[in-house]
Amino acid sequence: MSTAAGRGTELGGGNSAAWRPALGRLTLVAGATVVIAVVMAFLLLPIVALFTYQPVHDLFTGIGARVATDAIIVSVKTNAIAFALMIAFGTPFAYILARRQFPGRSVVITLVEVPLVMPPAVAGLALLVAFGRFGLLGHTERLLGIDLAFTQAAVVIAILFVASPFYLRGAIAAFEAVDQTLLDVAGTLGAGPARRMVRVAIPLAAGGLGAAAAVAFARGIGEFGATILFAGSFQGTTQTLPLAVYSLFDANLDQAVAIGVLLIIVSAAILLASKLLTRSWTVSTSTSRSLAGRSIFVRR
Amino acid sequence: MLRAVAGLERPQAGRIALGGEVWFDARRGIHVSAERRRVGYLPQDYGLFPHLSVAANVRFAGRRDRPDLLERVGIAHLAQARPQQLSGGERQRVALARALAREPRLLLLDEPFGALDAITRRQVRDELAEILVTLQLPTLLVTHAFDDAGALAQRIGVLDRGRLVQLAAPAELLRSPANVLVAALTGANVLEGTAARIPSGSTVRLGGGGMLASSTSAEGPVQIAVQPWELELADPASSALTDSVVSVRAERGGLVIRLTRFTIHTQLDRNGYPAIEEGSTVGLRVSPSNVRVLRPDPSQPPGTEADVT
């Protein structure tokens with residue numbers, strides 16, 4: 001029907017056909033509205049349901065319960081450590097991969113992305129047979145007196161394994177986008193490799209790095225499958241927020257929902273932060289914007 | 001080539017040295033990294049760090065504030081500005097100040113006017129020439145425009161596909177270009193003809209008709225080069241060489257007359273010959289010593305390298 005209306009627009013002219021383009025556009029607008037409404041309803045309804053499941057007062061009670069506070073502490077601690085390790089090792093790694101040409105480079109980049117497509121449960125299994133008591137490195141660990149499986153360190157490893165590829169992939173792309181000329185000039189101005197990275201590449205790639213780190217952080221906060229297989233779900237040690245949701249699901253649905261709401265708020269905040277970060281940074285370091293356009297988003 | 005001198009690229013062969021200091025030697029396996037060479041490198045678009053202010057850009061090189069350098073290149077008032085807020089000429093000066101903060105032993109300029117529009121170009125070029133004179137620093141400048149090289153360089157090396165064709169002072173390049181390529185680069189009229197030897201040199205019968213005398217002895221097919229300002233207008237009736245006028249325009253206090261085969265620069269006050277208008281036929285006269293006979297060299301458009309020392 002819209003095709004016919006479109007043709008009407010093209011032919012134009014005749015009075016008898018004058019109503020057809022208008023009707024066609026109306027149908028189009030109405031159709032688009034319906035499609036958008038249906039999709040948005042599908043995506044948002046579960047979230048709304050979660051928020052309205054119980055009175056706001058009960059939400060606070062739920063989050064204040066011991067299980068929840070323990071899980072919050074475990075989540076914050078393990079994610080903070082994993083995040084710090086990811087930034088500290090991942091940033092130079094991504095910089096080297098982005099700026100250096102060496103044989104096998106594309107293979108390395110592909111391998112980095114393997115954890116992205118791996119089902120989290122399989123990732124947990126893999127970690128268990130690699131680092132677990134009877135795994136690949138189990139014997140070495142015993143000799144060194146380390147026992148990783150079902151400890152908080154195991155949670156950190158699970159989060160790192162599952163979340164950091166998101167950061168690495170984004171960081172490599174962000175570093176690749178940095179103008180090589182600027183790094184060359186920095187070199188002629190006396191900056192060695194480390195200073196070139198810290199003073200030039202990282203500030204210029206900051207928007208992309210921040211966005212990638214936010215995605216990885218959000219993935220880490222929500223990590224479930226790998227953690228529950230590799231680290232178990234022990235309250236106060238390895239039970240992160242998503243694991244707490246799962247274990248409360250049978251016992252106390254109200255509390256599970258309260259934690260769910262908390263997780264949604266955190267995720268939304270991360271999403272918003274990453275969007276704002278990317279936008280303000282892109283605008284403030286762009287060299288082609290007009291003065292007026294740029295002054296709106298001056299980086300703080 | 002500049003990238004090799006700066007230490008950003010490693011040549012396959014050869015040797016790069018400044019004074020007694022060897023920066024690169026393929027045979028001895030020497031390659032000093034860019035950060036140890038003390039060169040001031042200005043890439044084509046100046047390579048200013050967009051995330052740093054002008055002052056911070058300059059501070060990057062010397063690790064301390066250098067208001068004196070900003071003063072010297074005349075941009076002290078822009079210290080807090082961001083590179084994106086600057087004009088092309090201002091950006092170039094920031095890049096220059098930043099390179100100088102490195103206390104370089106050599107300045108490398110890559111197409112310094114490539115990013116500028118035609119009007120800014122001349123002005124920036126004159127300013128740069130002034131600054132370079134006061135700096136007294138060995139400078140290597142790469143450009144495709146002979147005008148720019150001629151305005152800035154003491155010596156110009158013409159490169160053709162990686163080979164040095166001629167290395168000489170600008171005036172020398174104009175006076176005696178080594179080949180057709182160099183002649184064309186300097187803006188000379190280059191024509192083909194057939195030479196016949198005579199006692200005082202040769203006469204050249206041009207491809208499109210007409211004769212010219214040259215003080216150079218030659219025989220057979222040749223190419224000749226004549227600079228636009230060496231041609232004089234003459235009475236077509238009594239001239240061995242005539243051509244018809246395509247366009248006439250005034251430029252920089254003179255006239256540029258475009259003929260079908262030649263371009264002539266002439267002073268307005270010497271514009272004595274009547275009826276220089278489009279379509280009319282004019283006679284041409286040129287001193288035999290200005291008719292240079294060149295060895296033929298079928299080439300592509302050249303790159304120029306100007307070397308200001």
Side-chain angles (χ1 to χ4, degrees), chain A residues 91 95-96 99-102 171 174-211 277-300, chain B residues 2-9 23 32-53 56-64 66 80-88 91 94-111 115:
Chain A
T91 310
Y95 178 69
I96 292 164
R99 307 307 315 188
R100 296 267 169 185
Q101 295 299 323
F102 56 87
F175 279 131
E176 277 175 345
V178 172
D179 184 359
Q180 179 64 42
T181 312
L182 297 176
L183 296 169
D184 286 346
V185 168
T188 66
L189 292 172
R195 191 152 176 260
R196 288 203 287 269
M197 182 180 90
V198 174
R199 290 288 314 277
V200 182
I202 290 179
L204 288 175
L209 294 178
L277 198 69
T278 321
R279 195 169 68 156
S280 74
W281 207 281
T282 319
V283 174
S284 73
T285 56
S286 146
T287 46
S288 55
R289 293 279 172 142
S290 72
L291 210 70
R294 192 178 48 257
S295 61
I296 298 171
F297 305 102
V298 175
R299 177 156 48 87
R300 287 164 292 276
Chain B
L2 289 187
R3 292 179 55 82
V5 177
L8 300 170
E9 249 158 55
W23 282 347
V32 178
S33 65
E35 60 262 33
R36 302 231 189 93
R37 286 199 188 186
R38 297 246 325 262
V39 296
Y41 170 59
L42 269 69
Q44 199 163 3
D45 50 9
Y46 313 131
L48 297 181
F49 302 128
H51 59 297
L52 300 178
S53 70
N57 260 280
V58 176
R59 199 187 310 131
F60 190 93
R63 305 200 178 209
R64 62 191 176 92
R66 293 299 300 272
Q80 295 315 313
R82 295 251 163 192
Q84 320 65 302
Q85 297 168 303
L86 306 179
S87 71
R91 281 181 203 196
V94 177
L96 200 58
R98 185 179 62 175
L100 294 178
R102 170 82 174 130
E103 284 165 7
R105 305 179 50 198
L106 173 69
L107 212 51
L108 303 173
L109 308 177
D110 189 2
E111 293 277 358

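Only a predicted model underlies this, so the values are computations on that prediction, with no experimental measurement involved. Chain letters run A, B, ... following the sequence lines, proteins first, then strands; residues in each count from 1.
Here the shortest heavy-atom pairing between B:Arg102 and A:Thr188 reads NE-O, 2.9 Å. A:Leu182 and B:Phe49 make their closest contact through O-CE2, 3.4 Å (heavy atoms, listed as atom of the first residue, atom of the second, distance).
The pair B:Glu35-A:Arg195 does not count as a salt bridge, with every side-chain nitrogen at least 4.0 angstrom from each carboxylate oxygen.
Of the two parts of A:Thr181, only the side chain, counted from C-beta on, holds a non-hydrogen atom closer than 4.5 Å to a non-hydrogen atom of chain B. At a 4.5 Å heavy-atom cutoff, the contact between B:Arg98 and chain A is made by backbone and side-chain atoms alike. Both the backbone and the side chain of A:Arg199 come within contact range of chain B, each with at least one heavy atom under 4.5 Å from a heavy atom of that chain. For a residue to count as touching a neighbouring chain, one of its non-hydrogen atoms must lie under 4.5 Å from one of that chain's; by this rule B:Ala99 touches chain A with the backbone only. Contact of B:Leu48 with chain A is made through the backbone alone, with heavy-atom distances under 4.5 Å.
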Show the numbers, then the answer: is there a side chain to side chain contact (heavy atoms under 4.5 Å, CB included) between A:Leu189 and B:Tyr41? CA-CA 8 Å; A:Leu189 292 172; B:Tyr41 170 59; over 6 Å; no

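Side-chain contact check for B:Pro50 versus A:Leu204: some heavy-atom pair is nearer than 4.5 Å.
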